[in-house]
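In what follows, every chain begins at residue 1, and chains take the letters A, B, ... in the order their sequences are listed. Just the heavy atoms: all of them, side chains too, but no hydrogens, waters or symmetry mates, feed the values below.
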Number of protein chains: 2
Amino acid sequence: MHEKLRQHIEKIVPLTDDEFAFISAHFTTKKFKKHQFMIQEGDTVRYCYFVISGLLKLVHTDKGGKPHIVSFAMEDWWESDYYAFFTQTEATLSLECLEDTEVLCCTLEDYNKLCNGLQKMQRFFLEKANFGFLGSQRRIISWLTSNSKERYEQLIKQYPSLMQRVPKSLIASYLGVSRETLSRLSA
Amino acid sequence: MHEKLRQHIEKIVPLTDDEFAFISAHFTTKKFKKHQFMIQEGDTVRYCYFVISGLLKLVHTDKGGKPHIVSFAMEDWWESDYYAFFTQTEATLSLECLEDTEVLCCTLEDYNKLCNGLQKMQRFFLEKANFGFLGSQRRIISWLTSNSKERYEQLIKQYPSLMQRVPKSLIASYLGVSRETLSRLSA
DNA sequence: TTATATTCGTGATGTATGTCAAGTCCGGAT
DNA sequence: ATCCGGACTTGACATACATCACGAATATAA
């Protein structure tokens with residue numbers, strides 16, 4: 001089942017069997033049920049996660065108690081409260097399962113061992129980080145240049161499956177509009 | 001003058017003189033005047049830039065021709081149209097000087113040579129990429145959870161000098177509001 | 001200097017969106 | 001089958017913001 005991880009990494013750097021065995025040793029498997037929290041606000045964040053199957057939402061709750069979806073994470077995505085993970089501080093985000101989910105877990109210590117022990121792996125994480133940054137920048141640009149309807153259409157074009165898998169109120173939260181407004185956009 | 005680069009890198013990884021000499025050899029210096037374009041839409045993006053001094057704006061122009069500020073870049077920042085830089089495709093962003101500016105330039109080839117030739121440097125870029133991602137994510141959260149006035153206050157708190165260095169219309173563009181609205185927020 | 005552009009504020013008005021409220025539809029639990 | 005709660009839509013109204021217009025102050029250039 002770590003095989004999915006291997007395929008994922010080999011999209012960026014080829015691996016020998018020995019190398020993958022080394023990598024694999026730094027991950028553990030966990031399963032979560034729908035509605036379970038993988039990270040809750042205030043937790044110490046032990047892991048970053050590679051999603052084997054399932055679907056997650058990364059959520060920030062504002063002072064007024066209103067939740068906002070920072071991102072979704074589906075198969076082949078890496079997710080965590082990365083700020084808390086990297087700085088080993090308390091989580092300000094929560095990570096919750098929208099479906100039954102299976103993940104591979106990597107501690108910060110193992111993340112660093114992977115980077116230091118295998119140059120290819122550091123290269124892999126560098127690529128991931130760069131493209132993660134570009135994805136966020138793209139979302140910022142989308143927000144600066146497009147109205148709600150256009151952003152909605154861009155989202156369903158980019159992730160068509162999302163519409164079938166999550167309620168529209170969560171899509172609305174991700175886009176930063178109310179669920180009522182989103183409902184009216186389709187017209 | 002590459003000395004600023006050394007100090008900057010050594011905030012993350014310590015370097016020997018030999019190592020820094022190796023690094024230094026992969027950068028060239030350039031100077032630009034206020035209003036000069038370092039990157040224009042449609043250009044091939046030869047470099048990513050480390051800002052020694054001065055101030056830049058990274059801009060996306062929408063279909064209607066309206067410019068939107070994706071980010072500012074000041075001393076000690078790295079900037080480019082990274083998507084175009086990494087994928088060697090045409091720039092969709094422009095990079096323009098708001099002040100006379102001095103930068104160190106690094107081609108993608110040199111970037112890769114640095115990563116492959118010196119593990120410390122790959123580690124450095126990994127840290128930069130991770131924190132760049134976290135910065136963008138923070139901005140997205142700020143947008144999801146705060147109104148214009150709050151986002152404005154967060155910005156001046158985070159970068160007080162920006163207010164003295166750029167016209168408010170650019171701040172407005174960065175925040176995604178009209179200059180008139182920004183003008184009324186102070187009240 | 002004078003001329004010209006840039007910056008900034010402010011009023012009037014239209015529009016997009018949030019909020020509150022009601023009601024329908026549907027699936028899960030008992 | 002009945003009940004209940006979540007998902008979604010739609011209307012009414014309030015509000016934040018964009019846009020257009022104008023003028024004053026300031027900077028920049030000839």
Whole-Å gap separating [atom2] ([N]) and [atom1] ([X]):
{"X": "L98(B)", "N": "dT7(C)", "atom1": "CG", "atom2": "P", "answer": "10 Å"}
{"X": "E99(B)", "N": "dT28(D)", "atom1": "CD", "atom2": "P", "answer": "12 Å"}
{"X": "W143(B)", "N": "dT17(C)", "atom1": "CH2", "atom2": "P", "answer": "12 Å"}
{"X": "K149(A)", "N": "dA16(C)", "atom1": "NZ", "atom2": "C1'", "answer": "13 Å"}
{"X": "N147(A)", "N": "dC17(D)", "atom1": "CG", "atom2": "C1'", "answer": "14 Å"}
{"X": "L182(A)", "N": "dT17(C)", "atom1": "CG", "atom2": "P", "answer": "11 Å"}
{"X": "L185(B)", "N": "dC17(D)", "atom1": "CG", "atom2": "C1'", "answer": "10 Å"}
{"X": "R179(A)", "N": "dG11(D)", "atom1": "CZ", "atom2": "C1'", "answer": "14 Å"}

Q) In the hydrophobic cluster built from side-chain contacts under 4.5 Å, what are the other members alongside F37(B)? A) none

Q: Report yes if the side chains of L134(B) and S136(B) come closer than 4.5 Å at any heavy-atom pair, otherwise no.
A: no

Q: Using a 4.5 Å cut-off on heavy atoms from C-beta on, say whether the side chain of L108(B) contacts that of Q88(B).
A: yes

Q | Donor-acceptor pair under 3.5 Å, R184(A) side chain vs dG11(D) base | A | yes

Q: Could you tell me if the ring centre of Y159(B) sits under 6.0 Å from that of W77(B)?
A: yes

Q. Strictly under 6.0 Å, is that where the ring centroids of Y47(A) and F85(A) end up?
A. no

Does [N] have its OP1 or OP2 closer than 4.0 Å to a side-chain nitrogen or oxygen of [X]?
{"X": "K66(B)", "N": "dT19(D)", "result": "yes"}
{"X": "T181(B)", "N": "dA18(D)", "result": "yes"}
{"X": "S148(B)", "N": "dC17(D)", "result": "yes"}

Q: Output the residues of residues 164-178 of chain B in contact with DNA chain C, where contact means a heavy atom of the residue under 4.0 Å from an atom of the strand; sort by number or write none.
A: P167(B), K168(B), S169(B)

Q) Parallel, tilted or perpendicular: which describes the rings of F20(B) and H2(B), with under 30° parallel and over 60° perpendicular? A) perpendicular

Q. Nearest nucleotide by nearest heavy atom, which residue falls closer to the 5' end of DNA chain C, E180(A) or R151(A)?
A. R151(A)

Q) How many angstroms lie between OH in Y152(A) and CG in L155(A), if you round to the nearest 0.5 Å? A) 8.5 Å

